[in-house]
Amino acid sequence: MAASQMLTARDRDFFLRVGKIVFANPFSDARARQVREVAGDVMRPGMADAEALMTVISRRLQALDAQGTFALSDLSAEDARCAKPVFLFDVYHRHLAGMDALIERQASRRETRVDATLADRLLGELVRRGFSEEEAARYFALFHQLRRAYYFIEAGLVGESPSMKSLRRALWNNVFTHDMQLFDTHLWKRMEDFSTLLLGETGTGKGQAAAAIGRSGHIPYLWHQRRFAANFAESFIAINLSQFPETLIESELFGHRKGAFTGAIEHHDGVLARSSAHGTLLLDEIGEVSIPIQIKLLQVLQERSFTPIGSHQPQRFAGRVIAATNRPVHQLIARGEFRHDFYYRLCSDAITLPTLRQRLAEAPDELARLVGLLVTRMLGVADATVGGRVLDAIAGCLPPDYQWPGNVRELEQAVRRVLLTGRYDAAIEASAGANSDALLQAIDDGRLEASALLARYCQLLYKRLGTYEEVARRTGLDRRTARKYIHQQAGTTGPA
């Protein structure tokens, strides 16, 4: 094709329609409709959208390639913008198998190098389509990011209820924004400026959602070294802030220098120092931290720097931050336990994870899907017979309207218990009922001091709900105080 030749009106219309699909959220219903409009003639029952779209794209490019490789340099600037997304989609989907193998190898071996055959072929095809070497390397990195994001969002957050479909769309937008064209042109190298707040009850999967985002960040590809700048498997770091006493949280976050305080016998790098420039840091249970720590974290988010305890040398923090909590943030703010400015700096995007009871109310067959997935993970192989037995045991032991207060985490333990014992009794609920009668009798008799009353109430809730976090949420206490009262009567410290 001669340089600056114009596309036909038919080709231009096709490229524009495909371009809208390329930049659409793959978990959106709109994208599926757009694929059917473009590739409806070739779609067969059971055929994936991507396969159908690749079929029509391949046919169109083969026709355009009949007189030689059709490239961006053959087109006017306007037509090149139309063709570019189609070229990218074509090269990306023809190398999915190689990228999947690369991702699996990186996840298991923690390496950054890339198979030469994959890199040479993929980059070479982009260059032949008119991309510069610099552009080809950037789009290889984008391909790698897209595939990781799709895998971790799809595989880590399963379910067909409307709320789970909405969650997957929200997570994709969190990684690539709702406007992938804007991401492609400007934001791909600036996403560390956008913090995220994950909200939801204990056991809903906030850790998995954070990991899906954290393992899907942009990591540059270094063409001449044939490797990525970092390994995605090591780019995500999570810290549960509720597991540390107040005196140690600052050290775990910011690190300390030798001699900074009693017991500081050597230098210690906190999670901010260990975070990669291409990585993501999850601050779990952010609702548990004190106001002074919130102020210091706010400075990190605003100034992108921090100073270890006992040091006067600021260090650069270049990663992205995700915070998560199961506590009602707006109530914490109203009580003066959470700063307004810290909240607004955290929530460039706020994503709420649905409860299991919400998911089952929307789609009752979600329980069977989740049990099947959990059984497969535990056995290492899909077994519908075992899955059916687990479902039967759950149905026989629990009331139909059981609320699953521990959410998916409780369901996972229910499956384990059924595999071990054949049953999942509502023993916690029954025990809680008996304990509540005893508590009411003690109150009626006037036998309880205030501290003992609170301890008994916290113990009752813990037996019913199963987690310190949920007890803290219900009582308005912080997690450490709730934990103290839960174990007060038994005289134990309990698990951390």
Side-chain angles (χ1 to χ4, degrees), residues 174-175 187-199 206-207 209-211 213-219 229-230 232 234-258 260-261 264 267-327 329 332-333 336-351 478-479:
N174 187 276
V175 176
L187 292 177
W188 60 274
K189 56 185 175 181
R190 305 191 64 86
M191 292 305 292
E192 70 275 6
D193 293 334
F194 297 86
S195 302
T196 301
L197 183 60
L198 298 177
L199 305 169
K206 295 187 295 296
I213 297 171
R215 292 170 181 154
S216 303
H218 178 81
I219 300 176
F232 73 87
E234 299 174 337
S235 64
F236 174 66
I237 297 177
I239 179 172
N240 188 320
L241 299 173
S242 67
Q243 71 182 1
F244 298 103
E246 185 71 23
T247 53
L248 288 182
I249 286 181
E250 189 172 359
S251 175
E252 291 301 319
L253 287 171
F254 307 103
H256 63 254
R257 300 278 73 82
K258 180 179 179 180
F261 51 83
H267 292 335
H268 171 69
D269 286 335
V271 291
L272 293 173
R274 300 199 301 271
S275 295
S276 162
H278 310 294
T280 300
L281 172 63
L282 168 62
L283 302 175
D284 202 2
E285 302 297 352
I286 193 66
E288 304 292 335
V289 301
S290 66
I291 294 295
I293 297 297
Q294 292 177 33
I295 293 172
K296 291 189 176 184
L297 285 172
L298 176 62
Q299 292 173 340
V300 173
L301 294 173
Q302 290 177 333
E303 300 171 10
R304 310 301 296 180
S305 66
F306 66 97
T307 304
I309 301 171
S311 172
H312 299 288
Q313 297 296 324
Q315 296 185 22
R316 171 77 175 161
F317 173 71
R320 190 179 185 189
V321 171
I322 302 173
T325 182
N326 57 21
R327 302 189 67 186
V329 176
L332 296 178
I333 293 174
E337 298 175 15
F338 207 87
R339 291 175 60 94
H340 281 90
D341 50 2
F342 186 45
Y343 167 75
Y344 288 120
R345 192 62 183 82
L346 280 176
C347 66
S348 298
D349 191 11
I351 300 174
D478 64 69
R479 181 186 183 278

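If you read the sequence from its start, that first residue is 1, and numbering goes on from there.
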Atom [atom1] in [X], atom [atom2] in [Y]: separation rounded to 0.5 Å?
X	Y	atom1	atom2	result
Ile219	Glu234	CD1	CD	10.0 Å
Leu281	Phe317	CG	CZ	5.0 Å
Gln294	Asp341	CD	CG	8.5 Å
Thr196	Leu198	OG1	CG	6.5 Å
Ile213	Asn174	CD1	CG	4.0 Å
Tyr343	Leu197	OH	CG	6.5 Å

Heavy-atom distance under 4.5 Å between the side chains of [X] and [Y], does that happen here?
X	Y	result
Leu297	Phe254	yes
Thr325	Phe338	no
Leu253	Leu283	yes

Once side chain to side chain donor-acceptor pair (under 3.5 Å) is applied, do any residues pair with [X], and if so which ones, sequence neighbours excluded?
X	answer
Glu252	none
His256	Ser251
Asp269	none

Going by side chain to side chain contact (heavy atoms under 4.5 Å, CB included), name the residues that satisfy it together with Phe194, two or more places apart in sequence or in a different chain.
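Per chain and number, Phe194 pairs via side chain to side chain contact (heavy atoms under 4.5 Å, CB included) with Leu187, Met191, Arg320, Ser348.
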Has the side chain of Arg345 got a donor or acceptor atom that lies under 3.5 Å from a matching backbone atom of Leu301?
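Yes, the answer is positive, given that a donor and an acceptor are paired below the 3.5 Å cut-off.
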For the residue pair Ile322 and Gly214, what are the closest heavy atoms and their distance?
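Closest heavy-atom pair between Ile322 and Gly214: CD1-N, 4.4 Å.
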Under 30°, 30 to 60°, or over 60°: which ring-plane class applies to His218 and Trp188, parallel, tilted or perpendicular?
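Correct class here is perpendicular.
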Quick one: which residue pairs count as a side-chain hydrogen bond (donor to acceptor under 3.5 Å, both in side chains) with a foot in residues 296-315, not counting sequence neighbours?
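Only Glu250-Lys296 qualify under side-chain hydrogen bond (donor to acceptor under 3.5 Å, both in side chains).
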With sequence neighbours excluded, give me every side-chain hydrogen bond (donor to acceptor under 3.5 Å, both in side chains) pair touching residues 274-291.
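Non-adjacent pairs meeting side-chain hydrogen bond (donor to acceptor under 3.5 Å, both in side chains): Glu246-Ser290.
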